Amino acid sequence: MKQTHKVALVLSSGGARGLAHIGAIEELEKQGFEIQAISGTSIGAVIGGIYASGYLEAYKKWMCNLDKLDVFNLFDFTFSSQGFVKGERVFAEIQKFIPDVAIEKLPIQFTAIASDITNNSEVRFESGSLFEAMRASIAIPTILKPLVRENQILVDGGVVNPIPIDCVKRAEGDILVAINLNANTPYYKEIINREKNIEEENSYRLKTSSFMEKWLSLLPKTESPKKTLGFFDLLNKSFDMMQDRVAEFTLQQHKPDILVNISRQACGTFEFYKANEMIEYGRRMMRTAIEQWEASKAK
């Protein structure tokens with residue numbers, strides 16, 4: 001009988017690439033690993049929290065049935081200076097089939113990470129509303145409006161801890177597994193119908209760019225729309241670079257037993273319509289990482 005390995009699982013930030021977390025988790029379970037504790041940042045907190053509550057399969061089915069227009073319609077755009085997406089619509093949809101629960105009552109130990117920009121500190125959600133924890137952790141600066149509570153303004157946990165290895169609850173004899181969604185590695189995929197794939201992606205980008213042009217037209221005309229759009233692009237690329245450096249340092253300080261590297265090139269931050277592709281990619285990369293781990297033990 002194959003030995004059951006207890007796992008402390010760490011799920012990084014990375015936008016839509018986080019759907020690879022689903023396939024990776026499924027592969028872990030398939031190979032007999034038992035997840036006992038999870039820590040997650042941003043999309044890692046969302047996937048980890050939903051898994052810990054027992055609704056990952058329902059969430060997966062919902063995501064896999066969303067097309068590009070469905071994803072676009074989940075963005076409740078706003079004209080706030082704090083971010084142009086409120087983030088309420090998508091969580092309202094999720095709550096239709098996933099109930100909110102208290103984190104401390106989950107069957108798996110769970111920690112979500114957010115960043116408090118008022119007090120310049122990391123915030124760990126280990127109790128209280130699961131949905132509040134997920135909403136706070138995923139608030140990407142300049143894009144998703146922050147969560148405000150009491151004297152805190154909470155934004156994406158990736159600002160301070162994009163791969164929260166130091167936050168997961170460990171147990172004696174467990175295996176530390178980390179999934180990094182921002183690896184600087186090439187991404188290869190099989191494209192069955194390349195022309196159709198390109199046509200669909202161009203159509204989605206046209207819809208999103210059309211909205212951005214309308215949104216930017218309402219801003220003060222001190223700069224051209226093109227230059228203003230460059231400003232957001234600059235902020236987001238700077239945020240990505242900062243996360244990468246912090247994640248790189250974290251992985252040097254806390255080396256996991258099994259590290260799953262998901263290429264940053266796999267998909268864009270908001271390309272959630274690529275659910276099936278990302279889930280299978282995560283499954284494949286977890287399988288490879290486990291094989292490498294088992295080979296290293298056999299030496």
Side-chain angles (χ1 to χ4, degrees), residues 7-22 24-25 35 37-53 56 59 83 87 90-91 103 106 108-117 119-147 152-170 176-183 236 238-254 256 259-262 264 266 269-270 272 278 282:
V7 166
L9 181 63
V10 181
L11 305 177
S12 86
S13 57
R17 290 185 299 281
L19 296 171
H21 287 323
I22 298 175
I25 288 171
I35 301 170
I38 300 174
S39 67
T41 289
S42 197
I43 188 64
V46 173
I47 301 298
I50 290 174
Y51 172 78
S53 66
L56 189 63
Y59 177 78
V90 65
F91 279 102
I103 293 173
L106 293 172
I108 295 173
Q109 290 184 311
F110 174 68
T111 305
I113 312 303
S115 306
D116 179 4
I117 58 175
N119 301 296
N120 299 317
S121 62
E122 175 184 287
V123 176
R124 299 184 183 185
F125 285 87
E126 297 174 326
S127 62
S129 165
L130 174 62
F131 273 78
E132 183 179 66
M134 294 191 299
R135 174 62 182 83
S137 186
I138 207 168
I140 304 172
T142 76
I143 295 178
L144 203 65
K145 288 184 66 176
L147 179 71
Q152 295 177 315
I153 298 178
L154 302 176
V155 299
D156 197 298
V159 171
V160 292
N161 202 344
I163 185 162
I165 293 177
D166 58 331
C167 301
V168 70
K169 304 296 184 184
R170 302 297 304 275
L176 180 61
V177 179
I179 304 174
N180 176 25
L181 300 176
N182 303 295
N236 293 325
S238 299
F239 180 58
D240 287 343
M241 183 181 295
M242 177 195 66
Q243 287 191 99
D244 290 351
R245 291 294 178 267
V246 175
E248 183 180 345
F249 177 78
T250 300
L251 288 170
Q252 289 174 352
Q253 298 298 309
H254 308 278
L259 175 61
V260 181
N261 280 315
I262 302 298
R264 176 178 283 283
T269 301
F270 296 107
F272 286 94
M278 288 299 100

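These numbers come from the heavy atoms of this one structure, side chains and all, not from hydrogens, waters or symmetry mates. A quick note: this is a predicted structure, and the numbers were derived from the prediction, not measured.
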Review point. What's the verdict on side-chain contact (heavy atoms from CB on, under 4.5 Å) for L181 and H21, showing C-alpha distance, side-chain angles and the deciding distance?
Key: CA-CA 9 Å; L181 300 176; H21 287 323; 3.3 Å; yes
Study note, to complete from the structure: dist F131:CZ -> I103:CD1 (nearest 0.5 Å) comes out at 11.0 Å
Review point. In Å, rounded to the nearest 0.5 Å, how long is the span from CG of L154 to CZ of F125?
Key: 5.0 Å
Point to revise | Non-neighbouring partners of R124 that pass salt bridge (charged side-chain N to carboxylate O under 4.0 Å, His left out), sequence neighbours left out | key: E122, D166
**Study point:** Side-chain heavy-atom pair I163, F249 within 4.5 angstrom cut-off
**Key:** no
Exercise for review: Starting at CG of N182, measure out to CZ of R17 and round the result to the nearest 0.5 Å.
Suggested key: 5.0 Å
Review point. With side chains defined as the heavy atoms from C-beta onward, is the minimum distance between Y51 and I22 less than 4.5 Å?
Key: no
**Study point:** Full working for side-chain contact (heavy atoms from CB on, under 4.5 Å) between I153 and N119
**Key:** CA-CA 8 Å; I153 298 178; N119 301 296; over 6 Å; no
**Study point:** Partner set under salt bridge (charged side-chain N to carboxylate O under 4.0 Å, His left out) for D116, not counting sequence neighbours
**Key:** none
Review point. Just by modelled atom types, is the E126 backbone N or O under 3.5 Å from a matching donor or acceptor in the T111 side chain?
Key: no
Check your understanding: How would you list, by chain and number, every residue that makes a side chain to side chain contact (heavy atoms under 4.5 Å, CB included) with A37, sequence neighbours excluded?
Key -> Q109, V168, K169
Practice item. Taking S39 for its side chain and C167 for its backbone only, find out whether a donor-acceptor pair lies under 3.5 Å. Key: no
Study note, to complete from the structure: Rounding to 0.5 Å, atoms CG (N161) and OG (S12) come to a distance of 10.5 Å
Review point. Between the side chain of T41 and the main-chain N/O of G44, is any donor-acceptor distance below 3.5 Å?
Key: no
Point to revise | Trace of the side-chain contact (heavy atoms from CB on, under 4.5 Å) decision for V123 with I113 | key: CA-CA 6 Å; V123 176; I113 312 303; over 6 Å; no
Check your understanding: Do N180 side-chain atoms and I262 backbone N/O form a donor-acceptor pair below 3.5 Å?
Key -> no
Review point. Which pair of heavy atoms, one from M134 and one from G49, lies closest together, and at what distance?
Key: SD-CA, 4.4 Å
Check your understanding: So how far is it from I25 CD1 to L11 CG, rounded to the nearest 0.5 Å?
Key -> 5.0 Å
Practice item. Evaluate the criterion side-chain contact (heavy atoms from CB on, under 4.5 Å) for residue pair I179 and V10; output intermediate values, then yes/no. Key: CA-CA 6 Å; I179 304 174; V10 181; over 6 Å; no
Exercise for review: Compute whether any side-chain donor of one residue and acceptor of the other, for D156 and S42, lie under 3.5 angstrom apart.
Suggested key: yes
Check your understanding: Below 4.5 Å, heavy atoms only, C-beta onward: do R135 and K145 meet side chain to side chain?
Key -> yes
**Study point:** Closest heavy-atom pair and its distance - L259, P256
**Key:** CB-CG, 3.9 Å
Review point. Do the side chain of S137 and the main chain of A133 share a donor and acceptor less than 3.5 angstrom apart?
Key: no
Practice item. Of all the heavy-atom pairs spanning A52 and F110, show the shortest one and how long it is. Key: CB-CB, 4.4 Å
Check your understanding: Roughly how far, to the nearest 0.5 Å, is CD1 of I38 from CD1 of I35?
Key -> 5.5 Å
Review point. Just wondering, more than 12 heavy atoms not from R245 lying within 6.0 Å of its CZ?
Key: no
